[in-house]
Amino acid sequence: MKNNSLKKSIWVFHLNTGSCNGCDIEILDALTPYFDVERFGIKLVASPRHADLVLLTGPITLKTLPMVINALRAVPRPRYVLAIGACAVGGGIWYDSYSVIGGVKEFKKILEEHNVEIDKIVFVPGCPARPEAIIYGVALLLGLVKEKVSKEVVVID
Amino acid sequence: MTLKKLLKPFKLLSIAKKAGVVTVLYPYQKPLITPEFRGKIVIDSTKCMGCGACANACPPNALLITESNEAVILNYFVGRCIFCGRCADVCPTGAISISNEFELATTNLDNLKTILVHRHRECVNCGRPFATGRMLEYVLRKVHMAKKYINECPDCRKNRFINIVSIRKR
Ligand code: SF4
Ligand code: SF4
Ligand code: SF4
């Protein structure tokens with residue numbers, strides 16, 4: 001079921017969870033004819049019920065949290081999420097602020113409490129993540145490119 | 001009027017031909033990166049001494065420094081980095097360089113971590129680990145006369161000084 005949905009055109013829903021608009025502008029950039037993501041069959045839709053992939057930006061503020069949960073619940077399975085920007089990945093500069101959840105990692109626990117499952121999350125760092133980085137993230141989800149980063153541990157005496 | 005309507009597609013075609021193809025082929029093509037673009041930072045593990053100046057300057061605490069008895073651990077989490085370059089500005093040894101790497105997408109958050117573990121060097125007198133070897137070398141380069149006591153921990157230095165003074169008094 002999972003593979004089949006990724007073979008077809010994926011429709012995306014843009015979900016702003018309190019971002020500064022930097023990442024949103026970059027998403028719009030990726031949708032322009034210059035980058036033309038319709039090459040991959042990616043299309044922006046107006047309702048989460050039509051979407052395969054949610055483009056999530058922002059650190060998820062407490063104010064938007066209920067709406068974000070509702071929107072994600074409305075997405076049909078398999079659900080994919082692209083966490084775009086430093087905010088969505090790790091909370092960004094607001095990671096320890098009083099009014100935000102602080103990134104998708106903490107958010108996932110809250111989603112589990114509400115019985116909303118997410119099948120795959122792709123993290124796209126950057127502040128803002130440039131349009132190429134967003135396209136790279138989607139291409140990674142589609143299996144067109146390989147992951148480049150890996151964990152590094154160096155011990156120095 | 002109807003003739004104008006019929007001719008419209010041809011007019012559009014001529015306009016489109018004038019503009020040419022603007023769409024880039026990324027990811028099947030090299031991205032357009034200007035020299036000013038800042039991406040992920042790279043920490044040179046042969047130069048870093050674990051002083052923590054970068055962690056102090058980092059606005060979102062993407063660089064974190066923690067100290068235990070045995071080691072100083074420098075933790076870089078790219079996922080929170082805003083690519084501001086302040087760390088590269090303040091690093092006293094020039095260990096941090098700003099690369100133009102932005103293709104950092106991953107499905108596992110652990111892949112975004114870089115960890116540098118600096119083991120503490122032990123005091124020659126009491127054997128207590130007290131400072132990273134690189135830091136001691138850095139101090140030696142700046143202050144040559146520190147050679148006599150650089151391998152002792154601050155407590156041993158203090159004790160030695162007190163001993164010397166108390167002997168003089170007698
Ligand atoms: S990652 Fe940076 S650009 Fe994107 S929403 Fe957060 S602060 Fe704004
Ligand atoms: S400022 Fe430079 S030398 Fe000091 S801990 Fe950071 S990278 Fe290492
Ligand atoms: S570039 Fe800025 S945000 Fe990133 S590690 Fe350096 S100081 Fe921190």
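In what follows, every chain begins at residue 1, and chains take the letters A, B, ... in the order their sequences are listed. This one's a predicted model, so the numbers in the text were calculated from it and none came from an experiment.
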Novice: Quick check for you: to the nearest 0.5 Å, what is the distance between A/E132 atom CD and B/L32 atom CG?
Specialist: 7.0 Å
Novice: Atom CZ of residue position B/R119 - does it have more than 12 heavy atoms of other residues, nucleotides or ligands inside 6.0 Å?
Specialist: no
Novice: With only heavy atoms counted, which part of A/A133 is less than 4.5 Å from chain B, the side chain, the backbone, both or neither?
Specialist: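 The answer is both parts of A/A133.
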Novice: Counting only heavy atoms closer than 4.5 Å, note whether B/R38 contacts chain A via side chain, backbone, both or neither.
Specialist: neither
Novice: So which part of B/L112 gets closer than 4.5 Å to some heavy atom of chain A, the side chain, the backbone, both or neither?
Specialist: side chain
Novice: Would you check if B/T107 and A/L141 make a side-chain contact, meaning some heavy-atom pair closer than 4.5 Å?
Specialist: no
Novice: By a 4.5 Å heavy-atom criterion (distance strictly below it), what part of B/F102 contacts chain A: side chain, backbone, both, or neither?
Specialist: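 Backbone plus side chain of B/F102, per the 4.5 Å heavy-atom cut-off to chain A.
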Novice: With distance as the sole test, does B/T106 use its side chain to make a donor-acceptor pair with the main-chain N or O of A/F123 at under 3.5 Å?
Specialist: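 It does not hold such a pair.
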Novice: Hey, what do you get for CG (A/D157) to NE2 (B/H120), rounding to the nearest 0.5 Å?
Specialist: 12.5 Å
Novice: Assess whether side chain to side chain contact (heavy atoms under 4.5 Å, CB included) is satisfied between A/I156 and B/M49, documenting all intermediate values.
Specialist: CA-CA 9 Å; A/I156 303 151; B/M49 60 176 179; over 6 Å; no
Novice: If you count the non-hydrogen atoms of other residues, nucleotides and ligands that lie under 6.0 Å from CZ in B/F37, is the total more than 12?
Specialist: yes
Novice: Could you tell me if A/R39 sits above the aromatic ring of B/Y28, with its cationic atom closer than 6.0 Å to the ring centre and no more than 45 degrees from the axis?
Specialist: no
Novice: For chain B, find which of A/V89, A/D96, A/I134, A/I84 contributes the most heavy-atom pairs closer than 4.5 angstrom.
Specialist: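 Maximum pair count with chain B is reached by A/V89.
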Novice: With side chains defined as the heavy atoms from C-beta onward, is the minimum distance between B/K113 and A/V153 less than 4.5 Å?
Specialist: no
Novice: Quick check for you: to the nearest 0.5 Å, what is the distance between B/I43 atom CD1 and A/E152 atom CD?
Specialist: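 B/I43 atom CD1 to A/E152 atom CD measures 9.0 Å (nearest 0.5 Å).
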Novice: With a 6.0 Å cut-off (strictly less than), is the heavy-atom count around CD of B/E67, excluding the residue itself, greater than 12?
Specialist: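 Check passes, neighbour count above 12.
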Novice: In terms of heavy-atom proximity below 4.5 Å to chain A, should B/F77 be classed as side chain, backbone, both, or neither?
Specialist: side chain
Novice: Between B/I82 and A/A86, what is the shortest heavy-atom contact and its length?
Specialist: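 Closest heavy-atom pair between B/I82 and A/A86: CG2-CB, 4.4 Å.
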